[in-house]
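Accompanying notes for the structure given below.
Letters A, B, ... are given to chains in the order of the sequence lines, protein chains preceding strands, and every chain is numbered from 1.
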There are 2 protein chains.
Amino acid sequence: MYKGGYRGKILRINLTVKTSREEELPLEVARDFIGGAGFGIKYLFDEVKGGTDQLGPDNKLIYSLGPFTGTTIPCASRMAVTSKSPLTNGVGVSLTGGYFPVELKRSGYDVLIVEGKAEKPTYVWIKDGEVRFRDAGKVWGTQTTDCQQIIKDELNDQNVRISCIGPAGENMIRIACIINERRAAGRKGLGAVMGAKNLKAIALRGTGSIDVASKEKLKAAIGEMQKAMKESPLLYPQFAKIGTPMVVDLTCALGIFPTKNWSATGEFAPVDQLGVEAQMTRNVGSMHCYGCPVGCSQLKLAKTGSYAGTLTEGPEYETMYSFGGQTGVDNMDSVIAGDRLADELGLDTISAGVAIGFAMELFEKGILTTEDTGGLQLNFGNHQAMLTLIHMMAFREGIGDLLCDGVKAAAEKIGKGADKYAIHVKGLELPAYDVRGAKAQGLNFATAYTGADHNRGYAFQEIFDIPVPYAADRFSTEKKGELTKWNQDVQMAVCDCPTMCAFILPMALMPISTQNTAALMEAATGLTYTPEEIEKVGERANNLAKAFNVREGFTQADDTLPERLITEPLQSGASKGHLISKDELKLMLDEYYRVRGWDPKTSIPTREKLVELGLGYVADQLGV
Amino acid sequence: MYKGGYRGKILRINLTVKTSREEELPLEVARDFIGGAGFGIKYLFDEVKGGTDQLGPDNKLIYSLGPFTGTTIPCASRMAVTSKSPLTNGVGVSLTGGYFPVELKRSGYDVLIVEGKAEKPTYVWIKDGEVRFRDAGKVWGTQTTDCQQIIKDELNDQNVRISCIGPAGENMIRIACIINERRAAGRKGLGAVMGAKNLKAIALRGTGSIDVASKEKLKAAIGEMQKAMKESPLLYPQFAKIGTPMVVDLTCALGIFPTKNWSATGEFAPVDQLGVEAQMTRNVGSMHCYGCPVGCSQLKLAKTGSYAGTLTEGPEYETMYSFGGQTGVDNMDSVIAGDRLADELGLDTISAGVAIGFAMELFEKGILTTEDTGGLQLNFGNHQAMLTLIHMMAFREGIGDLLCDGVKAAAEKIGKGADKYAIHVKGLELPAYDVRGAKAQGLNFATAYTGADHNRGYAFQEIFDIPVPYAADRFSTEKKGELTKWNQDVQMAVCDCPTMCAFILPMALMPISTQNTAALMEAATGLTYTPEEIEKVGERANNLAKAFNVREGFTQADDTLPERLITEPLQSGASKGHLISKDELKLMLDEYYRVRGWDPKTSIPTREKLVELGLGYVADQLGV
């Protein structure tokens, strides 16, 4: 029996037959997986069979909340979106904030599962649980901001909250994202899943109230959290004022801000152009997600040339890299314009920028020519060409069609050794940490279940020099297997499952982490956990995600890094001379598999481990 | 004592000293001017002295409603915005629909007068009459859609309605408009007045109810109106489905769709590219203003090239001309993109397009060269250059700075005979009717108090072949003076004062016009008028507006047409061989002044006429 936090309900929608039904959320699922990514992985594993076509009607799109969403717990009203990724073919989980998640909670649900495929472009309108399937003719083809406004106008309710795709998702490009308000469930191509389902948007309005098990206990647990936030040396005023792009200066200084398709990290460090001081000349104010006292998201306004007057929420640190360093572009205003354009068209900025930088390197190396690019001079630093390419990718136009399904697929099509320049793991383009100078981060990119992902198992120890659970020398491989497991499991348990903001953990919550999550869980839901049990929730979800990938045919060979990072040492900057050699990677992987309890030869979880985590049925399925 | 319709109150805001106060709206003002443009002209004449700097703190910005706004009367919930025009130096009145007007009514006011100048960028937030002056730092420099969303988010109220400017208004370009939702108070540079006052936006939220004097009488009067609308041969389904751009086909057929800066009307008639059939390939749905059953406004989505995915509300007929025919552009998607860009940056699409076509002709004639244009190849038909110029005008960049204050000012700066190609009257760029084939329309453009304006005294008799009050041969000058007076006065009385939609009159209401307005007035307000008295309201307002212009130094010489229309006959199409010769214009003007009761030598209203209209104090001021 639920005592609060959870609504205890799943809403299942089938687009093929236009039906919806409510189901109970089993209490044991809540207890074992907490929520968010945990729920997403659980239902994805259980309901989407091995070998399912990611863009077919049998793939599912799962929106899942945590028990904290909509409560007074700060920074926690987020949600996970989960599907079989069209980009990696594995588990695709992406978390987003804003205001849509709390509206789903107010609508009465913890989980929304979308199945099937609509016959024609459709949006789903859910008002306090009443589900309507509406013709999306008016918004099909529109950009994400327009789409949201038109739906609000059409429903004659400006308070509706909407999760939608842009043209990129409709065109099923495999790096398409899902947008709610100005926030993105950005990575792994989840927008393409919506597009493949002919689902333009989900519009919500809910008026239900959200209870907790014990207001008194919650006050105490939140107090502990607030104390940690207040004491954080990073959060106020720095992170609140600058947001994630404050990391540009730091990674440039560490020599790990990747530039020019990872060929020039440390050499081309555009801190003067893209660093904090430059950023602040474009900042006009901040935005808050629901229930967040920090407001890290910065509104930036471009000032020069044809970009003048273009506003964006961001660009986040990762986009400073992808549309900045990665493409050799040091023009802040074009990064701002690129960020806005990608959000409007519904492309993941990270994958899009990596794909553009990849094409630029191939162009400079002569592997792609103006014949391939339709005349575009695709040199590093050509910011107009970057913007043109973003648009071409969203519409599968010309060379955009070649690049828009990610660098792995593009390299395969191009041949001519292009794969050497394709910076991805498991098909997911790398985020903004040149792991040649941050080896736990490298091991994490190699092993995270979603592919190279900065929001799964982020090795903040190496970046922010935080000695929790222990200090980490970023150039060393020592104890990086154990550290990576800890990062992955704790972040899953403390952030991704209860949908706590991933930034708050390294910025403030490390000293209290699983202990505080246990306290918050008890206060919000009445479910009691030891800190160790909280960590186990993370381990359980990570193992189940791994099992999904194994069922899809992933092997140990997929736990690797792009060739460049293994063979080319950094040429300059504070990480000069470093790489992650094949031997180093193997060393770290061996340790990682060992502490994980996975078979070191196949990387598959052992039956013992799965049974220990209460996943015996998974062991049966995997045949281990 | 007011019985309904009116709120009876003026809200006066002073930005310099950050004060606001409520004043009574005198009943005699309501009776004599009805509302809307009538109120705007009345308070402008009374409060803004002759010679006032349009961009100085002493100019005022007047928002005025009609007594119908917010009632159940269809198509009438609009408002006028009035100021001394930065473009013409005369009365600047522009009407707009959408949802902001009804919110102002619900806030408790018929009129909002903005005075002074804020020290720094400000927006005004009015919640049920409580006025707050807020820092606009977060939205200064933003586009109009972003501005509105950010203010809603900042005020944490998605139901706020906002009237705002884009960068064009901030930069005080004299063809800047004011935007609410996606609607514009477009013409005469009113956006520059807001910019000059450091006023980015006015945000409203009102919850008051709107009464009428007699619900029963209102039902009957509305019934009469609905009958006329139902019986209209134009309104349903044609106008409702296509909106104003349905006129493209008609004026192309009549040979009066102006193209290439009015040099090629009839010759280049891009009906295949911009006509109704082509339009419908881009239509995705319609939008309604408050209380409008028609929904003439069409949402169009661009489909090709770099324009793909760009949505706009429009382009209206006038924009099909200004960004289409006038610039020689027959690419529908670039017209869509131009429309959206102009709305976002806050430029009047008509004046902007005319200025671009003007520059294109000068470029083709060698009067402007690539040295002047910064390398832009400004040939007719260059749609990319058109979009670039729109942006450059809004930001006063390069040649944009030369063009952004309208063609009259630009021609004066350029010299070299450029004024021959400047298509304006009184500084206002001409709308989309080549009056060489529509002579009452020509006389109207020559005499309307706002300059060449399609929404004042529109000669629908010539365009739609409607024989009310009598049939009109479009090539003849016969009785065009009388017809123009009638059109100007009736449209002022039936549309601009009660803020009835200007499209509904020619589309449906002609047979009932002043009679229906009298019935609606009695029902809504309890004030009784004969149809003749209604027409007098229009005449009064037009005379007062004329008096304002006279006080500013306008003379008979300002009642003219661009040289080209007087000297160059049309070379092809259904109006081939026609022009409005100097003699013809004089003939029509003489008749016009005579029926107006204005001195034919000076064009100044006589004392007798002014006294007859109850404007004796005006005669005193003018010294007649």
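- Looking only at atom types and distance, the side chain of A:Glu154 has a donor-acceptor partner in the side chain of A:Tyr123 under 3.5 Å away.
- In this structure, the side chain of A:Arg340 does not engage the main chain of A:Thr310 through any donor-acceptor pair within 3.5 Å.
- For B:Arg182 and B:Thr144, the side-chain atoms include no donor-acceptor pair closer than 3.5 Å.
- Only the backbone of B:Ser286 comes within contact range of chain A, with at least one heavy atom under 4.5 Å from a heavy atom of that chain.
- Only the side chain of B:Ile150 comes within contact range of chain A, with heavy atoms under 4.5 Å apart.
- Neither the backbone nor the side chain of A:Glu313 comes within contact range of chain B; no heavy atom of the residue lies under 4.5 Å from a heavy atom of that chain.
- Contact of B:Lys152 with chain A is made through the side chain alone, with heavy-atom distances under 4.5 Å.
- A donor-acceptor contact closer than 3.5 angstrom links the side chains of A:Thr312 and A:Asp339.
- Between B:Ile126 and B:Ile202, some side-chain heavy-atom pair lies under the 4.5 Å cut-off.
- Using a 4.5 Å cut-off between heavy atoms, B:Asp153 contacts chain A through its side chain alone, with no backbone atom that close.
- Checked by atom type, the side-chain pair B:Asn198/B:Thr122 shows no donor-acceptor distance below 3.5 Å.
- With a 4.5 angstrom heavy-atom cutoff, B:Gln143 touches chain A via backbone and side-chain atoms both.
- The most heavy-atom pairs under 4.5 Å with chain B, out of A:Gly309, A:Ala308, A:Gly141, come from A:Ala308.
- Of the residues considered (B:Ala302, B:Ala394, B:Gly305, B:Gly398), B:Gly305 shows the highest number of contacts with chain A, using heavy-atom pairs under 4.5 Å.
- If you check the side chains of A:Asn283 and A:Gln298, you find a donor sitting under 3.5 Å from an acceptor.
- Of the two parts of B:Leu311, the backbone and the side chain both hold a non-hydrogen atom closer than 4.5 Å to a non-hydrogen atom of chain A.
- At a 4.5 Å heavy-atom cutoff, the contact between B:Gln149 and chain A is made by side-chain atoms alone.
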